[in-house]
A.B. asks: 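Below are the structure tokens for one structure; questions will follow.
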Amino acid sequence: YYLYYMIHEDIQLTGSFQASGSFNAPLHAGTGSALEETGSIFNDTTDNTLKVYDGNKWLIVGENTASIPIPPIPSASIEYLAVAGGGGGGGRYYGGGGGAGGMLTGTLTDIESSSVLTIIIGAGGSGGPNNYSGAASGGNGVNSSLASTSGTSFTTITTIGGGGGEGGSTSAPGNGGSGGGSNDWSTGRDGGSGTVGQGNNGGSNISTGTYAGGSGGGGKTEVGYDRNNNINLASKGGDGEQSSITGTSTYYAGGGGGAMNANVVYYVSAAGLGGGGRGAADYLSTAVQATAGTANTGGGGGGGCWSNTTTGAAGGSGV
């Protein structure tokens with residue numbers, strides 16, 4: 001009898017394969033010498049396991065070696081600019097300028113994709129009425145806020161509405177993000193108080209002269225100018241602050257200018273940078289109306305003058 005032993009290596013099979021008896025896979029001590037082709041099988045003598053090549057890597061036959069990567073929860077950082085509504089200018093009797101709405105900038109971090117953002121934009125305060133023998137202050141601006149609910153965390157950013165400028169004989173300047181300016185009526189009256197980090201105080205009535213004008217409302221970076229004795233020098237509103245969050249450098253949160261008694265038209269410079277309105281003026285025999293704070297800047301409104309045809313102007317809405 002003649003016995004023939006047939007040894008076949010690197011056989012590639014298609015379709016199904018049925019074997020009876022025993023099936024001896026090639027032996028290799030590790031994957032270094034094994035043929036890396038899809039479907040290749042060998043017995044690894046280092047750990048006595050049967051391994052198959054899946055086209056990318058060697059797998060142990062009979063074990064689930066696949067892993068499912070769990071992606072991180074998407075999150076983002078949000079840069080924000082929040083400005084409250086500006087205060088209205090004070091009414092008749094050389095009213096003070098309205099204070100700017102409070103202004104904050106910053107970044108909220110790790111905001112998840114499923115977060116809920118609630119945004120409130122504050123309106124500007126109303127201008128003071130034409131009333132010098134009673135209360136005639138401008139109205140305070142309305143707060144703006146940004147609330148973020150992210151997972152289990154809750155964050156709220158709130159800016160305070162600007163204080164109204166003082167008008168009339170029985171009122172006072174308002175407190176707020178920035179304070180409203182005092183009027184011409186009561187010597188020694190301080191301006192309204194601003195909120196630390198959001199704005200500044202309004203200007204005060206520190207002079208002893210008469211019919212000089214109202215003081216300026218506070219702005220984000222500057223206090224309102226005090227009322228002075230020079231009838232040709234308007235009491236300017238405090239300047240606001242620049243932000244480039246929109247891609248364009250823009251001033252926000254400027255204070256409103258105080259009203260003035262003018263022999264020359266210098267009142268045009270009375271508004272604070274950042275949307276503040278200029279105060280009214282009695283220019284010789286002509287009354288020039290106050291202007292409102294610019295919308296979506298939080299600027300304070302200008303104060304009204306002595307003339308019975310003027311009122312304080314409204315503050316600008318926030319953003």
A.B. asks: Would you mind reporting whether S243 and Y252 have side-chain heavy atoms less than 4.5 Å apart?
C.D. replies: yes
A.B. asks: I'd like to know if the side chain of S148 and the backbone of L117 have a donor-acceptor N/O pair within less than 3.5 Å.
C.D. replies: no
A.B. asks: Just how far is it from atom OG of S235 to atom CE of M260, taken to the nearest 0.5 Å?
C.D. replies: 8.5 Å
A.B. asks: Under 4.5 Å between side-chain heavy atoms, counting indirect links through other Ile/Leu/Val/Met/Phe/Trp/Tyr residues: same cluster for I120 and I157 or not?
C.D. replies: no
A.B. asks: Could you check if a side-chain atom of E222 sits within less than 4.5 angstrom of a side-chain atom of K236, using non-hydrogen atoms only?
C.D. replies: yes
A.B. asks: Should T118 and V116 count as side-chain neighbours, where that means a heavy-atom distance under 4.5 Å?
C.D. replies: yes
A.B. asks: Looking only at heavy atoms, which two atoms of G102 and T159 are closest? And how far apart?
C.D. replies: O-CB, 3.3 Å
A.B. asks: For the pair S40 (side chain) and E37 (backbone), establish whether a donor and an acceptor sit closer than 3.5 Å, ignoring hydrogens and angles.
C.D. replies: yes
A.B. asks: Determine yes or no for a side-chain-to-main-chain donor-acceptor pair under 3.5 angstrom, with N201 supplying the side chain and V223 the backbone.
C.D. replies: no
A.B. asks: Given side-chain contact (heavy atoms from CB on, under 4.5 Å), test W58 with F42 step by step and report yes or no.
C.D. replies: CA-CA 10 Å; W58 289 101; F42 80 98; 3.5 Å; yes
A.B. asks: Do I245 and E79 touch side chain to side chain, with heavy atoms closer than 4.5 Å?
C.D. replies: yes
A.B. asks: Under a 3.5 Å distance rule, please check whether T221 uses its side chain to pair with a backbone N or O of G240 as donor and acceptor.
C.D. replies: yes
A.B. asks: Would you compute the distance between atom OG of S169 and atom CG of D184 and round it to the nearest 0.5 angstrom?
C.D. replies: 12.0 Å
A.B. asks: Nearest 0.5 Å please: distance from the CG atom of N183 over to the CZ atom of R189.
C.D. replies: 7.0 Å
A.B. asks: Taking all non-hydrogen atoms of both residues into account, name the closest pair between G276 and A271 and its distance.
C.D. replies: O-CB, 3.1 Å
A.B. asks: To the nearest 0.5 Å, what is the distance between NZ (K57) and CD (E36)?
C.D. replies: 12.5 Å
A.B. asks: In this structure, would I119 and L104 fall into the same cluster of hydrophobic residues linked by side-chain contacts under 4.5 Å?
C.D. replies: yes
A.B. asks: Examine M103 and V319 and state if one hydrophobic cluster contains both, with Ile, Leu, Val, Met, Phe, Trp and Tyr joined whenever side-chain heavy atoms are less than 4.5 Å apart.
C.D. replies: yes
A.B. asks: Hey, does L146 have a side-chain heavy atom less than 4.5 Å from the side chain of L108?
C.D. replies: yes
A.B. asks: Do I121 and I160 share a hydrophobic cluster, counting only Ile, Leu, Val, Met, Phe, Trp and Tyr and linking them when any side-chain heavy atoms are less than 4.5 Å apart?
C.D. replies: no
A.B. asks: Indicate yes or no for a side-chain donor-acceptor contact from S144 to the backbone of V83 under 3.5 Å, with no hydrogens or angles considered.
C.D. replies: yes
A.B. asks: Under 3.5 Å, side chain of S182 to main-chain N/O of G191, donor-acceptor pair present?
C.D. replies: no
A.B. asks: Is the closest basic N to carboxylate O distance between K220 and D239 below 4.0 Å?
C.D. replies: no
A.B. asks: Closest approach of G30 and D44, non-hydrogen atoms and distance?
C.D. replies: N-OD1, 3.0 Å
A.B. asks: What distance separates I41 CD1 from L35 CG, expressed to the nearest 0.5 Å?
C.D. replies: 12.0 Å
A.B. asks: Determine, stepwise, if the pair Y251 / L273 fulfils side-chain contact (heavy atoms from CB on, under 4.5 Å).
C.D. replies: CA-CA 6 Å; Y251 276 96; L273 292 175; 4.0 Å; yes
A.B. asks: Given side chains that start at C-beta, do those of Y94 and D282 come closer than 4.5 Å, heavy atoms only?
C.D. replies: yes
A.B. asks: Carefully, step by step, assess E166 and S137 under the rule side chain to side chain donor-acceptor pair (under 3.5 Å).
C.D. replies: CA-CA 4 Å; E166 182 184 24; S137 289; 5.8 Å; no
A.B. asks: Ignoring hydrogens, what is the shortest heavy-atom contact between V288 and T310? Give both atom names and the distance.
C.D. replies: O-CG2, 4.4 Å
A.B. asks: Considering all heavy atoms of both residues, which atom of G101 and which atom of A253 are nearest to each other, and what is their separation?
C.D. replies: O-CB, 3.6 Å
A.B. asks: If we ignore hydrogens and angles and just use 3.5 Å, is the side chain of T195 paired with the main-chain N or O of G176 as donor and acceptor?
C.D. replies: yes
A.B. asks: Is it true that a side-chain atom of N130 and a backbone atom of T311 form a donor plus acceptor pair closer than 3.5 Å?
C.D. replies: no
A.B. asks: Under 3.5 Å, side chain of S178 to main-chain N/O of N200, donor-acceptor pair present?
C.D. replies: yes
A.B. asks: Counting only N and O atoms by type, is there a donor-acceptor contact under 3.5 Å from the side chain of R92 to the main-chain atoms of W306?
C.D. replies: yes
A.B. asks: Show the nearest heavy-atom pair for residues C305 and A280, with the distance to one decimal.
C.D. replies: N-CB, 3.6 Å
